[in-house]
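Report on the following structure.
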Amino acid sequence: MSTNSRLDKIVADARSSYEQREEGYRRKALGMYPWVCGRCMREFNNTNLKELTVHHRDHNHDNNPQDGSNWELLCVFCHDNEHQRFVEQVTYGDDKPGPVTTHNPFADLKSLMDKSGKD
Ligand SMILES: [Zn+2]
Ligand SMILES: [Zn+2]
């Protein structure tokens, strides 16, 4: 087996395990919640079920508690909106305080003063 095909296999394995995991929590969420979009209340059945997606409330796809508390069923449109809103919230902020600045403008001044004091 060449290095390339070995790499391909690793990538394929990773991808299929991701898909399996996604399939796993999707099936579980669909078994747990009514097939209704949590935003627009559109109802789903077996014919259009692929348009109903599982959203992670905290936007962390690795957070899949078995009680389903991090899942929400959203149609693809509302799911898109939800993520757009999240991006805007992160980018522009709303009620959150601004980014914490770790730079202290007086740090240099103090070291300068310390230096001059020693002379
Ligand atoms: Zn919807
Ligand atoms: Zn989502």
Side-chain angles (χ1 to χ4, degrees):
M1 201 192 259
S2 76
T3 311
N4 258 345
S5 66
R6 211 174 297 150
L7 199 66
D8 283 351
K9 186 173 166 0
I10 291 168
V11 171
D13 283 353
R15 192 175 298 145
S16 82
S17 84
Y18 174 79
E19 275 163 13
Q20 271 164 23
R21 191 178 55 150
E22 186 174 27
E23 191 53 42
Y25 67 64
R26 181 178 151 84
R27 198 175 304 136
K28 194 143 178 136
L30 289 174
M32 198 176 275
Y33 293 111
W35 294 358
V36 175
C37 172
R39 292 289 180 279
C40 68
M41 308 313 274
R42 185 174 155 203
E43 289 179 28
F44 289 82
N45 53 49
N46 278 311
T47 60
N48 58 3
L49 192 61
K50 64 178 188 304
E51 290 172 39
L52 187 62
T53 57
V54 180
H55 170 61
H56 290 76
R57 291 175 188 272
D58 69 354
H59 292 255
N60 178 4
H61 287 209
D62 293 321
N63 184 14
N64 293 299
Q66 290 308 297
D67 65 355
S69 57
N70 194 36
W71 301 328
E72 189 174 22
L73 295 181
L74 297 179
C75 75
V76 285
F77 305 106
C78 295
H79 200 165
D80 260 14
N81 279 337
E82 188 64 27
H83 280 248
Q84 190 58 35
R85 223 160 49 106
F86 181 73
V87 168
E88 278 165 12
Q89 194 178 319
V90 168
T91 310
Y92 306 112
D94 43 11
D95 53 358
K96 291 196 192 77
V100 179
T101 159
T102 50
H103 177 70
N104 179 357
F106 300 112
D108 288 342
L109 191 65
K110 185 172 184 309
S111 74
L112 284 174
M113 280 161 68
D114 286 347
K115 252 178 237 158
S116 64
K118 268 166 213 148
D119 285 330

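Each ligand, and each atom within it, is numbered from 1 in the order the structure gives. When reading the values below, keep in mind they use all heavy atoms of this one structure, side chains included, and skip hydrogens, waters and symmetry mates.
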Quiz item: Is a side-chain N or O of Arg26 found less than 3.5 angstrom from the main chain of Leu52, in a donor-acceptor match?
Solution: yes
Quiz item: Excluding sequence neighbours, so at least two apart, what forms ring pair (Phe, Tyr, Trp, His ring centres under 6.0 Å) with Phe77?
Solution: none
Self-check item: Cys78 atom SG and Cys37 atom SG as seen from the Zn ion (ligand 1), angle to 10 degrees
Solution: 110°
Quiz item: For the Zn ion (ligand 2), does an N/O/S atom of His59 lie at less than 2.8 Å?
Solution: no
Self-check item: the Zn ion (ligand 2) - name of the N/O/S atom of His55 that sits closest to it
Solution: ND1
Quiz prompt | N-O pairing of Glu88 and Arg85 below 4.0 Å | solution = no
Quiz item: Will you find, in the side chains of Asp62 and His56, an N or O donor that is under 3.5 Å from an N or O acceptor?
Solution: no
Quiz item: Got a sec: is His79 within less than 2.8 Å of the Zn ion (ligand 2) via an N/O/S atom?
Solution: yes
